[in-house]
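One structure is given here, and the rest of the page talks about it.
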Amino acid sequence: MRLHSRSDDETLKPISSMRLSRFFLPILRETPKEAEIASHRLMLRAGMIRQEAAGIYAWLPLGFRVLKKIEQIVREEQDRAGAVELLMPTLQLADLWRESGRYDAYGPEMLRIKDRHERELLYGPTNEEMITEIFRASIRSYRDLPKNLYHIQWKFRDEQRPRFGVMRGREFLMKDAYSFDVDETGARLSYNRMFVAYLRTFARMGLKAIPMRAETGPIGGDLSHEFLILAETGESGVFCDNEVLDLPVPGEDVDYDGDLSPIVRQWTSHYAATQDVHDEARFEREVPLERRLQTRGIEVGQIFYFGTKYSVPMNAVVSGPDGVEHTIHGGSYGVGVSRLVGAIIEAFHDENGIKWPEPVAPFQVVILNLKQGGSDTDPACEQLYAALTAQGIDTLYHDLDERPGAKFAAADLIGIPWQILVGPRGLAEGKIEVKRRSDGQRELMSPADALARFDA
RNA sequence: CGGAGUGUGGCUCAGCCUGGUAGAGCACCUCGUUCGGGACGAGGGGGUCGCAGGUUCAAAUCCUGCCACUCCGACCA
């Protein structure tokens with residue numbers, strides 16, 4: 001199988017187009033009874049996931065594509081902000097967690113297992129201990145700081161009650177980054193970099209994510225923000241000044257080495273808090289009545305500054321400019337990558353199915369051959385499919401011998417942003433129809449015009 | 001972890017109360033007619049009825065235990 005093709009500009013580009021006849025897309029016509037919320041229902045119906053156990057899902061090809069797209073956006077923005085990717089294992093030694101004191105503190109949410117030698121292991125719910133161990137083994141000088149290391153890896157938290165599909169699974173894919181600085185001043189700069197990176201990350205997925213002051217929970221520390229997207233089905237109650245919805249998101253050219261505090265200040269000066277930390281008196285004092293927004297939200301990320309919580313017990317120190325050892329100041333920064341798949345669907349769907357924002361869509365375009373086997377439609381579809389693929393557009397060609405109605409329903413369900421309808425009726429006039437999934441807008445045009453429109 | 005439920009073909013469900021050798025719709029296969037918003041007809045394939053015991057001539061159905069899953073609540077990226 002060819003995995004790559006060489007395009008005109010000599011860069012390697014993966015071939016991501018697909019014929020439905022070769023794909024694996026087990027669409028369900030009826031809604032499985034266990035699915036309560038829209039994203040869970042639609043992910044099951046669209047053949048994106050299959051439940052294997054409570055809170056544990058197999059990612060089928062369509063869902064996997066979206067997961068990968070989201071993961072890549074997260075990765076690009078972490079890299080842009082100066083974080084460095086690595087990959088830590090899912091299994092960790094219990095002894096490592098005894099060093100920080102969390103092995104006993106964490107409770108039954110942590111999955112504990114033993115190997116054949118009776119050694120105690122755990123399936124990592126997070127990686128502060130391990131990254132601190134990795135850091136302290138190699139970094140000795142303040143001159144090597146700051147550092148921010150991250151990985152995108154599967155986590156396991158044995159939730160008492162998993163629900164809402166991938167929004168609250170036990171196994172989930174998370175990006176977790178860890179910053180190391182010589183003092184609190186430096187750590188707060190690292191915190192701000194992640195703050196800004198998160199604003200950009202979620203905006204690139206088409207989401208309005210609002211940073212809110214948060215409790216620090218079992219991770220510890222004294223400075224933390226949760227990033228929530230607003231959705232009625234969210235698990236957290238939120239109170240905020242609706243002006244935060246219109247604040248500008250920093251562009252690609254943001255200087256991560258510069259002073260980011262004005263951006264952070266702008267986003268944090270408006271009232272925004274989850275139910276846990278909500279202060280009604282302050283809310284009423286600071287926000288005029290007409291701007292008070294009380295709704296629900298889905299947490300898609302959280303950032304913490306936790307100081308020396310792990311570096312003290314685990315003895316992570318560097319030599320400072322003064323020649324003496326300084327305990328490093330740390331922060332951790334999580335993004336729920338798999339949760340985002342569900343969260344995005346919650347934000348973008350209608351009664352017919354999903355409406356993917358283009359940056360995370362599993363395909364950009366789906367071609368619907370309205371008369372499979374037609375002497376005019378088949379070659380027209382083949383030409384479009386080949387040309388779009390050559391243009392670098394991820395295209396799904398619905399080439400199954402199904403009735404038009406079934407193809408329309410399937411296309412709406414799986415939510416590809418653009419549908420190209422190729423039928424004998426339009427083709428008789430040399431036209432095909434381009435339909436935008438987000439608003440249903442349709443336009444008749446020639447195949448050549450359609451190709452021009454999608455010329456990246 | 002408290003409370004409430006559910007396990008019957010891939011999916012949605014009926015059958016269980018009142019035991020008698022397993023059904024429907026959708027999906028799938030074959031043929032034909034169809035074909036711009038989930039077609040129709042005819043024929044066909046597919047199920048250890050969650051698992052293990054027990055009662056009985058006979059268990060999807062009654063009894064006991066276990067397992068899995070779901071929902072409400074408390075808790076969490």
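Just so we're clear, the structure is a prediction, and the values are computed from it rather than from any experiment. Proteins come first, then strands; the chains are lettered A, B, ... in the order of their sequence lines, and each starts at number 1.
Listed pair A:Gln51 / B:A68 fails the phosphate criterion, with no side-chain N or O lying under 4.0 Å from OP1 or OP2. The phosphate of B:C72 (OP1 or OP2) has a side-chain N or O of A:Arg161 nearer than 4.0 angstrom. Within the structure, every side-chain polar atom (N or O) of A:Arg157 is placed at least 4.0 Å from both OP1 and OP2 of B:C76.
As the counterpart of B:G7, B:C67 is assigned, both hydrogen-bonding distances of the Watson-Crick or G-U wobble pattern falling under 3.5 Å. Remark: B:A60 base-pairs with no nucleotide in the shown strands. Criterion, Watson-Crick or G-U wobble with two distances under 3.5 Å. Nucleotide B:A74 has no partner under the Watson-Crick or G-U criteria, as no pair reaches both atom distances under 3.5 Å. Base pairing of B:G37: no nucleotide in any strand meets the Watson-Crick or G-U wobble criterion (both distances under 3.5 Å). Shown here, B:C28 forms a base pair with B:G44; the pair counts as Watson-Crick or G-U wobble because both key distances fall under 3.5 Å. Nucleotide B:A14 forms a pair with no other nucleotide shown, judged by Watson-Crick or G-U wobble geometry with both contacts under 3.5 Å.
When the P atom of B:G5 is taken as reference, atom CZ of A:Arg163 falls 19 Å away, rounded to whole Å. The interatomic distance linking A:Ile49 (CD1) with B:G10 (P) rounds to 19 Å, in whole Å. For the pair A:Lys33 NZ and B:C26 C1', the computed distance is 16 Å after rounding to whole Å. If you take CG of A:Leu28 and P of B:C26, they are 16 Å apart, rounded to a whole angstrom. Taking atom CD1 of residue A:Ile27 and atom P of nucleotide B:C26, one finds them 19 Å apart after rounding to whole Å. Taking atom CG of A:Leu25 as the reference point, atom P of B:A27 lies 16 Å away to the nearest angstrom. Atom CZ of A:Arg168 is separated from atom C1' of B:C76 by 5 Å (rounded to the nearest Å). At whole-Å resolution of the value, CD in A:Glu34 and P in B:C72 are 13 Å apart.
Here the separation of B:U18 from B:A52, taken at their P atoms, is 26 Å to the nearest Å. Rounded to a whole angstrom, the distance from the C1' atom of B:G41 to that of B:G37 is 23 Å. Spacing between B:C63 and B:G45 at atom C1', rounded to whole Å, works out to 37 Å. A gap of 47 Å separates the P atoms of B:C69 and B:G32, to the nearest Å. Rounded to whole Å, the C1' atom of B:U56 lies 15 Å from the corresponding atom of B:U21. Here, B:A27 and B:A59 have their C1' atoms 30 Å apart, quoted to the whole Å. Remark: the separation of the P atoms in B:A60 and B:G53 is 14 Å, to the nearest Å. Taking atom P on both nucleotides, B:G65 is separated from B:C29 by 45 Å, rounded to a whole Å.
The A:Pro404 side chain lies nearest to B:G36 when the options are B:G36, B:G38, B:A39. If you check B:G37, B:G36, B:A27 against the side chain of A:Arg29, the one that comes closest is B:A27. Listed candidates were B:G37, B:A39, B:C76. Nearest to the side chain of A:Arg403 is B:A39. When distances run from any side-chain atom of A:Pro424 to the nucleotides B:U70, B:G36, B:G37, the shortest one goes to B:G36. The listed nucleotides are B:G37, B:C11, B:C76; the one nearest the side chain of A:Arg339 is B:C76. Comparing B:C76, B:G38, B:G36 against the side chain of A:Ala409 picks out B:G38 as the nearest.
Look at A:Asp394 and A:Lys69 and you find a salt bridge, because one of the NZ, NE, NH1 or NH2 atoms lies within 4.0 Å of a carboxylate O, short of that distance.
Taking the six-membered ring for Trp and the full ring otherwise, A:Tyr305 and A:Tyr191 have centroids separated by 6.0 Å or more. Taking the ring centroids of A:Trp97 and A:Tyr106, they lie under the 6.0 Å cut-off. The aromatic ring centroids of A:Trp356 and A:Phe348 lie 6.0 Å or more from each other. Ring-centre distance between A:Tyr271 and A:His278: below the 6.0 Å cut-off.
Inter-residue side-chain proximity for A:Arg157 and A:Leu111 is flagged as unmet; no heavy-atom pair is nearer than 4.5 Å.
In the interface, the side chain of A:Arg442 is paired with the base of B:G37 through a donor and an acceptor atom under 3.5 Å apart. Donor-acceptor pairing under 3.5 Å, judged by distance alone, is present between the side chain of A:Glu30 and the base of B:G25.
Nearest-nucleotide mapping onto RNA chain B: of A:Asp401 and A:Pro162, the residue sitting toward the 5' end is A:Asp401. Taking for each of A:Ala406 and A:Glu36 the nucleotide of RNA chain B with the nearest heavy atom, the 5'-most of the two is the partner of A:Ala406.
Side chains of A:Tyr333 and A:Asp176: no donor on one and acceptor on the other come within 3.5 Å.
Note on A:Gly107: nothing from the nucleic acid sits closer than 4.0 angstrom, heavy atoms only. Residue contacts shown for A:Leu421 include a base, since a base heavy atom lies under 4.0 Å away. Heavy atoms of A:Ser338 sit nowhere under 4.0 angstrom from any nucleic acid atom. Counting any heavy atom pair closer than 4.0 Å across all strands shown, A:Gly334 reaches no nucleic acid atom.
Take A:Phe363 and apply the ring-ring contact (aromatic ring centres under 6.0 Å, His included) test, not counting sequence neighbours, and it matches A:Phe23.
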